[in-house]
Amino acid sequence: MIPLATAQARASDLAAARNQLVAAVRAVVGETMTAEAIQDLLGRARAWSPNAARELAAHLADAPDALTAPSPRCPASLPRLLRLLDAAGHGEAITLLGCARCGRTNGALDRPTSEGRCCGWCATRNNRRRCARCGQDGHIVTRHATEGPICRRCYRNDSTLFTVCAGCGRQRMRAYRRADGAILCQTCAPRRLYECVRCHRQRPAAAHTVDGPLCPSCYDTTPRRCGKCGEVRSIAKRATTEEPDTCYRCYRHLGACVVCGRVRDGSLVHGRGFHCTGCYPYLRRQCDECGRTARTAAFWPRGALCPSCYRRHVRTPGTCAACGTIHVLVGRSPDGAEVCGPCCGVDIDFACRRCGHPGDLYAEGCCARCVMRDRVHDLLSQPDGILDPQLRPLAEALGAVEHPRSILNWLRKSPAATLLTTLAADQAEITHDRLDRLPQDRGTHHVRAMLVTTGILPERPEHLAQLTLWATTQLEALPPAHTRVLRPFVEWDVLRAARRRAARGRHTERSAVHDRRVVRAATDFLNWLDSRQLTLGTLTQEHLDLWHECHPAQRSEIRRFLRWAAARHLIGLLTLPPRHATRFSRFLSDAEQHEQLLRCLNDDTLPLQVRIVGALIRLYGLPVSRIVALTADRFHRDENRAYLNLDRHPVLLPPRLARLIEEQIARPRRYFVLQRSTDSDCRYLFPGQPPHLPRSASSVCHLLRRHHLPVAPARNTAMLEAATTLPPIVLSDLFGISTTTANAWSTYSQTNWVEFLTAGETSPRPQR
């Protein structure tokens, strides 16, 4: 029996300790909290019991600032008290205690370690014991009745815990059981939905904040300085005692592979060392569908499937032979017909839980199209989560593409997607001028093409606009003395002529390339004068001849600048040495020309565009730049014949070529995933990327050469044949070439058309 004096002393000490705790808390949070409220918090923190109160009071006596600067070596009741004070609204007055190893403050710090109080995960991660199965030290997660402790790796590889997932059909660990009893794996299991406190949509939570749950689109981790690259970014891995904070860009599982010896991304293989992704020892067996030995992706009633066969069946659902509905056909009937999962006794259906479309599940039990539409909505939404009205046509066009997985890959990798996010977040009017102020890289060009294709931006002569932007940038980088000369030349000669050609629809990609060469040649010429301490006023014929010897390839480009400078009396009457006329030298023999023409008309293995362009070159001698500029409305057909307007007059087409052009008009090959918002009567016969522009002539020439169909020799041969059978005036009107070019070809073919003209003048006119 405890003596009365001792019991009274202990009761007095307990009361003093409790009063000390109440006073310490009130000194930090202020007089706003009553003693009863503080006593309630201490009770909920399990710090009001006798032993816990004495322990915490002794710690506060040794460390008076424990509530504002807590130490990891503290009683277990202190972290609980700090969290309760923070939840009560006194977070600014106190400091939460973090885990001694990972630094997180959102977990219970009930595990004392040598470093101090840690969360359960950190304490378990470093607490390794020998596994009864593999014999190595690991994280023990369960204990078998007969074997003993089992580590996490052996537990996850236990085949007795695996079953066929009703969602994806793979052998996976059980994670969720539906109301009908079907088992789902962790990937197919439905995630709990929360209402996001920012966008108010029902979505899985990426984080639970003080204000409420945040969806993945609205959640953004607080950026900190990465300890490896030194930049302020979102942290993927918190700092430990061995490594600093690591951002997502620097966070990689790198190591030296024990198989190939290269330092690459990979992971540890239990008991076999680090393996890179390419050398990882996946379980391989024979596929029951194609017979190849590969990694098994799924076990279906029809057998084991390799990844290729699995993706092919999942992405191409068909009609079940038993029930007649469209499903992913996972089994076979006794007579060999393909049937769906319910008809062969399994719960594998692969139906999107949102739209019900079978097959092609991408994430969270939804198909690729539903996931793509959600991500496009997030991409083009304003900060409040509402879709930008300006970008609504683009969102509708992206949601209607034929292959949604291509859009998902584009959203994940392309810098153009980031630019669209910036345009939506700025909430400013989207115009061509706004895009012109951005760096003119591939991402900007792609975004502009998408906006023009969907009708958000109006069409404009893009080659002329890009030439203007390029010329402005070039002039800003020149010295002031050169700018005073070149700016009038560029603006009033080069760009003015380009605008006139664009107004007539004749300023093509090749024209813009030539204009850039003219500006570069003028810039190089002025730099050459500076290197020899000359000016335009002191330029002589000898200096010009010397420059021509050093730069013979720029002769035609510099002639334009010299003519402009002489007209404005900047230089004297100077002339370039005459250029020796060169005759056409590359031709094909008649047999080669005929053989290639027949190949274009009859060879079905060639691409359709190659056949049409190759035949037009060999029949009519058209340049590729004019062929790609042809529009579909230039082709027309009467009762028995088909015609193509090359210029002002229709040209009769061979029946085989007419059928090829009709097929191209009916099913043109698309190089752009988006389609035009409205059908145009003047669409190009060979649409490019974007579709409101024709395909590049250089890419078509490269395609022809790749299929062993030369361009220049075939065109020279066709023009020579036409010049030998047609007079120059007919050749000019029919093929749309200048009379000078037609006369040159006629002269080159050594044909005299005087008799033809005389016969036309002396022939009797028909009587009316």
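Atom set for the values below is all heavy atoms of this structure, side chains included, hydrogens, waters and symmetry mates excluded. Residues take their numbers from the sequence shown, with the count starting at 1.
- Proximity of a side-chain donor or acceptor of His507 to a complementary backbone N or O of Ala497 within less than 3.5 Å is not detected.
- In this structure, Gln440 contributes its side chain and Leu435 its backbone to a donor-acceptor pair below 3.5 Å.
- Between Asp436 and Arg448, at least one side-chain N (NZ, or NE/NH1/NH2) sits under 4.0 Å from a carboxylate O, which counts as a salt bridge.
- The backbone N or O of Pro687 lies less than 3.5 Å from no partner atom in the side chain of Arg695, so there is not a single donor-acceptor pair.
- Comment: Glu462 engages Arg460 in a salt bridge, judged by a side-chain N to carboxylate O separation of less than 4.0 angstrom.
- By the 4.0 Å N-to-carboxylate-O rule, Arg560 lies close enough to Asp515 to be salt-bridged with it.
- Distance check: His708 NE2 to Leu606 CG gives 10.0 Å after rounding to the nearest 0.5 Å.
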**Report entry** CA sep, side-chain torsions, deciding dist, call: Leu653, Tyr620, side-chain contact (heavy atoms from CB on, under 4.5 Å)
**Finding:** CA-CA 10 Å; Leu653 295 176; Tyr620 309 111; 3.6 Å; yes
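- At a threshold of 4.5 Å between non-hydrogen side-chain atoms, the residues His463 and Ser511 do not count as touching.
- Under the 3.5 Å distance criterion, the side-chain polar atoms of Thr717 are matched with a main-chain donor or acceptor of Pro713.
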Report task. Would you check, one step at a time, whether the test side chain to side chain donor-acceptor pair (under 3.5 Å) holds for Thr540 with Glu542? Result -> CA-CA 5 Å; Thr540 62; Glu542 290 77 12; 3.3 Å; yes
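- Nearest heavy-atom pair across Leu731 and Ala722 is CD1-CB, 3.7 Å.
- Surrounding CZ of Arg510 are at most 12 heavy atoms belonging to other residues, nucleotides or ligands under 6.0 Å away.
- At distances below 3.5 Å, not a single donor-acceptor pair connects side-chain atoms of Ser732 with backbone N or O atoms of Ile729.
- The shortest side-chain heavy-atom distance between Leu387 and Leu380 falls under the 4.5 Å cut-off.
- Between the CE atom in Met719 and the CG atom in Leu726 there is a gap of 10.0 Å [rounded to 0.5 Å].
- Here CG of Leu709 is found 8.5 Å from CD1 of Ile617. Values are rounded to the nearest 0.5 Å.
- Contact check for Leu646 versus Arg626: side-chain heavy atoms found under the 4.5 Å cut-off.
- Residues passing the ring-ring contact (aromatic ring centres under 6.0 Å, His included) test with His636 are Tyr643, sequence neighbours excluded.
- Looking at Thr538 and Gln533, their side chains never come closer than 4.5 Å, going by heavy atoms from C-beta outward.
- The backbone N or O of Leu608 sits nowhere less than 3.5 Å from a side-chain atom of Gln664 that would complete a donor-acceptor pair.
- By the 4.5 Å heavy-atom criterion applied to side chains, Leu657 and Leu601 are counted as neighbours.
- Heavy atoms only, all atoms of each residue included: Thr422 and Arg434 are closest at O-NH2, 4.2 Å.
- Taking CZ from Arg412 and CD1 from Ile407, the interatomic distance works out to 12.0 Å, rounded to the nearest 0.5 Å.
- Nearest heavy-atom pair, Pro393 versus Thr454, reported as atom, atom and distance to 0.1 Å: CB-O, 3.8 Å.
- Shown here for Leu457 and Ile430, the closest heavy-atom pair between the two residues is CD2-O, 3.3 Å.
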Report task. Under the side-chain contact (heavy atoms from CB on, under 4.5 Å) rule, what do Leu597 and Gln593 come out as? Steps first, then yes or no, please. Result -> CA-CA 6 Å; Leu597 178 59; Gln593 183 84 339; 5.7 Å; no
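- Looking only at distances, a side-chain donor or acceptor of Arg634 sits under 3.5 Å from a matching main-chain atom of Asn645.
- Inter-residue side-chain proximity for Leu438 and Val447 is flagged as unmet; no heavy-atom pair is nearer than 4.5 Å.
- Taking a 6.0 Å sphere around NE2 of His403, one finds it holds 12 or fewer heavy atoms contributed by other residues, nucleotides or ligands.
- With contacts defined as side-chain heavy-atom distances shorter than 4.5 Å, the pair Arg563/Arg559 qualifies.
- Heavy atoms from other residues, nucleotides or ligands lying under 6.0 Å from NE2 of His548 number more than 12.
- For residues 479-504, the set of pairs meeting the ring-ring contact (aromatic ring centres under 6.0 Å, His included) definition, not counting sequence neighbours, comprises Phe489-Phe561, Phe489-Trp564.
- In the displayed structure, Gln541 atom CD is contacted under 6.0 Å by more than 12 heavy atoms of other residues, nucleotides or ligands.
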Query - Intermediate values then yes/no, side-chain contact (heavy atoms from CB on, under 4.5 Å), Leu574 and Leu562 - result: CA-CA 8 Å; Leu574 305 178; Leu562 295 176; 5.9 Å; no
**Report entry** CA sep, side-chain torsions, deciding dist, call: Asp433, Thr431, side chain to side chain donor-acceptor pair (under 3.5 Å)
**Finding:** CA-CA 5 Å; Asp433 294 337; Thr431 60; 5.1 Å; no
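- Between the Arg705 side chain and the Pro710 main chain, no donor and acceptor come within less than 3.5 Å of each other.
- Arg499 pairs by the side chain to side chain donor-acceptor pair (under 3.5 Å) definition with nothing, not counting sequence neighbours.
- Side-chain atoms of Asp441 and Thr444 form a donor-acceptor pair, as typed in the model, at a separation below 3.5 Å.
- By the 6.0 Å contact criterion, CZ on Arg532 is enclosed, its count of non-hydrogen atoms from other residues, nucleotides or ligands being greater than 12.
- Contact between Tyr684 and Val628 at its shortest, heavy atoms only, is CD2-O, 3.9 Å.
- Contact of the Cys600 side chain with the Arg656 side chain is not registered, since no non-hydrogen atoms from C-beta on lie closer than 4.5 Å.
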Query raised in the report: For Leu398 and Leu394, what are the C-alpha separation, side-chain angles and deciding distance, and is it a side-chain contact (heavy atoms from CB on, under 4.5 Å)?
Result: CA-CA 6 Å; Leu398 290 174; Leu394 178 59; 4.1 Å; yes
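- Interatomic distance, Thr631 OG1 to Phe686 CZ, rounded to the nearest 0.5 Å: 11.5 Å.
- Closest approach of Met372 to Val401, counting heavy atoms only: CE-CG2, 4.0 Å.
- Environment of CZ in Arg506: sparse, with no more than 12 heavy atoms of neighbouring residues, nucleotides or ligands closer than 6.0 Å.
- Interatomic distance, Arg520 CZ to Trp470 CH2, rounded to the nearest 0.5 Å: 4.5 Å.
- The main-chain N or O of Ala449 is found under 3.5 Å from a side-chain atom of Thr453 such that the two form a donor-acceptor pair.
- Between the side chain of Arg618 and the backbone N or O of Ala714, no donor-acceptor pair lies under 3.5 Å.
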